[in-house]
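Values below: all heavy atoms of this structure, side chains included; hydrogens, waters and symmetry mates excluded.
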Amino acid sequence: FKKVLAESPGVRIDNVLTASVSLYRRADPSYLFWDRLMTDVRALPGVRAASAVNMVPLGVAGSGYLEVEGWEGMASGGYRLVTDDYFATMDIRVLRGREFTALDDSTHPHVSLVNQTMADMYWKGKDPIGQRFRAKSWDSHPDVWFTVIGVVNDIRYWSLESAPRPEHFVYFRQRPDRLQMMTLMVHTTGDPLALVPAVRQAIKAIDPNVAAEFSSMSRRRAETLQLRRFIMTLLGAFAGFGLFLAAIGIYGVLSYVTNSRTREIGVRVALGAPRAGVIRLVFQQAAVPIVLGLVGGIGAAFGLSRLMESMLYGVEPVDPLTYLVAPLTFGVTAFLACLIPAWRALRVDPLSAIRSD
């Protein structure tokens with residue numbers, strides 16, 4: 001779980017408000033709505049930047065068929081429609097080439113930015129700038145060639161655990177007919193959810209009939225981790241309960257065995273056995289089953305660990321650190337469970353022990 005949390009999503013997470021907006025009922029061009037909304041939102045107090053995208057990172061993100069010039073066979077890649085300042089708003093770095101500008105409208109050559117994974121996959125060893133491809137399944141103009149003008153860093157669109165996939169970005173002014181379903185991304189100076197009323201009012205001021213569903217990037221990241229957090233909590237609870245049962249079992253068995261040997265311990269003490277010898281006697285009773293249990297447990301864990309491979313991330317099924325820490329933890333627990341019977345054995349009165357028989 002810690003290794004998953006350490007993964008970088010490739011985008012800004014903190015202080016980012018999201019607002020999913022549907023414009024299917026509007027008759028006028030959607031880009032006019034987005035131009036005005038982003039202008040109004042950027043003017044709000046507490047807003048650093050604002051933009052929009054058709055698919056938000058760390059969520060369900062589709063992938064479509066591509067025709068890559070010079071590539072044999074079918075290719076695929078995510079179709080990301082973005083507005084002005086999207087890369088700056090989400091802290092996405094342009095590694096090569098340039099970003100979109102206002103001149104990249106529908107009357108000019110169609111251009112696109114791609115992520116590093118797409119550049120490496122389809123143009124490995126070549127300069128991706130100037131390469132061409134067509135979006136055959138998602139784009140409203142499947143026969144139009146896109147020319148690559150830039151490369152950006154990889155983004156984990158699906159989850160923190162999924163490897164980056166090929167993605168390409170299309171400028172919203174070149175596809176004004178595809179803007180009916182977009183998500184507003186607002187980078188704020190403080191708590192992003194505190195700006196929900198102001199952003200909702202800005203939307204209503206343009207069109208009272210348009211509703212928005214608000215969230216935040218921090219919340220979206222937490223949602224992608226819900227299943228793994230549940231699995232971690234569940235398995236951790238079972239492991240803790242198992243360790244508790246093991247400690248209780250060792251304590252109970254040793255207490256019974258020690259009590260059954262009360263007369264023997266009394267005779268040993270009466271004959272001058274040192275305290276260390278009595279303690280060693282108790283711990284020797286526990287040593288054999290504890291060692292056998294550790295060996296058997298490690299062997300069973302080694303054999304069954306492959307069944308848990310799908311639950312692991314960044315950790316091998318046979319992880320040396322785990323196989324070292326787990327037995328040590330159990331060994332310390334077993335040692336503590338032996339202390340009470342050993343302490344009771346030291347308090348045995350020799351005369352009382354002999355008489356009791």
Hydrophobic clustering (ILVMFWY, side-chain heavy atoms < 4.5 Å, transitive) - are [Y] and [X] grouped together?
X	Y	value
Val41	Leu32	yes
Ile298	Val318	yes
Val148	Tyr65	no
Leu5	Ile13	yes
Leu193	Val47	yes

Audit row: Val114, Phe146, side chain to side chain contact (heavy atoms under 4.5 Å, CB included) steps and yes/no: CA-CA 11 Å; Val114 301; Phe146 285 104; over 6 Å; no
Heavy-atom check, side chain of [X] versus side chain of [Y], under 4.5 Å:
X	Y	answer
Ile92	Ile155	yes
Leu44	Gln201	no
Val11	Asp91	no
Val199	Leu184	yes
Asp104	Arg173	no
Trp158	Thr224	no
Phe33	Ile203	yes
Val16	Val186	no

Contacts of Trp71 that satisfy ring-ring contact (aromatic ring centres under 6.0 Å, His included) - sequence neighbours left out: Tyr122
Do any N or O atoms from the side chain of [X] and from the backbone of [Y] form a donor-acceptor pair under 3.5 angstrom?
X	Y	answer
Gln131	Asp127	yes
Arg221	Ser216	no
Arg178	Leu81	no
His108	Leu103	yes
Thr83	Ala52	yes
Asn153	Gly10	yes
Arg156	Pro57	no
Glu223	Ser218	no
Arg12	Ala88	yes
Arg134	Trp145	no

Distance (rounded to the nearest 0.5 Å) between [X] [atom1] and [Y] [atom2]:
X	Y	atom1	atom2	result
Ile231	Leu227	CD1	CG	4.0 Å
Arg132	Ser112	CZ	OG	13.5 Å
Asp84	Asp35	CG	CG	7.0 Å
Glu99	Phe87	CD	CZ	6.5 Å
Ile250	Ile290	CD1	CD1	4.5 Å
Ser137	Leu66	OG	CG	7.0 Å

Quick one: do the [X] and [Y] side chains pair a donor with an acceptor below 3.5 Å?
X	Y	answer
Tyr171	Asp105	no
Asp85	Ser51	no
Glu7	Tyr313	yes
His110	Arg175	yes
Thr117	Asp154	yes

Of all heavy-atom pairs between [X] and [Y], which one has the smallest distance, and what is that distance?
X	Y	result
Leu113	Arg98	CD2-O, 3.5 Å
Ser140	Asp177	OG-OD2, 3.1 Å
Val170	His168	CG2-ND1, 3.9 Å
Ser76	Pro166	O-CB, 3.6 Å
Val151	Pro128	CG2-CG, 3.6 Å
Gly46	Leu195	O-CD1, 3.8 Å

Counterpart residues, salt bridge (charged side-chain N to carboxylate O under 4.0 Å, His left out), relative to Asp40 (two or more places apart): Arg36
Within 45° cone and under 6.0 Å: Arg80 NZ/CZ vs Tyr157 ring: yes
Residues, nucleotides or ligands: over 12 heavy atoms within 6.0 Å of [X] [atom1]:
X	atom1	value
Tyr323	OH	yes
Glu69	CD	yes
Lys3	NZ	no

Chi angles and distances behind the side chain to side chain contact (heavy atoms under 4.5 Å, CB included) call for Met217, Val56: CA-CA 9 Å; Met217 287 302 297; Val56 184; 3.7 Å; yes
Candidate pair Arg48 and Thr188, rule side chain to side chain contact (heavy atoms under 4.5 Å, CB included), full reasoning: CA-CA 5 Å; Arg48 290 179 173 173; Thr188 66; over 6 Å; no
Check: Phe169 ring centre within less than 6.0 Å of Phe100 ring centre: no
Leu160 vs Leu225, side chain to side chain contact (heavy atoms under 4.5 Å, CB included): CA-CA, chis, key distance, verdict: CA-CA 8 Å; Leu160 290 175; Leu225 296 172; 4.1 Å; yes
Could you give the side-chain donor-acceptor pairs of residues 233-242 under 3.5 Å, partners two or more places apart or in another chain?
| from | atom 1 | to | atom 2 | distance (Å) |
| --- | --- | --- | --- | --- |
| Thr233 | OG1 | Arg229 | O | 2.8 |

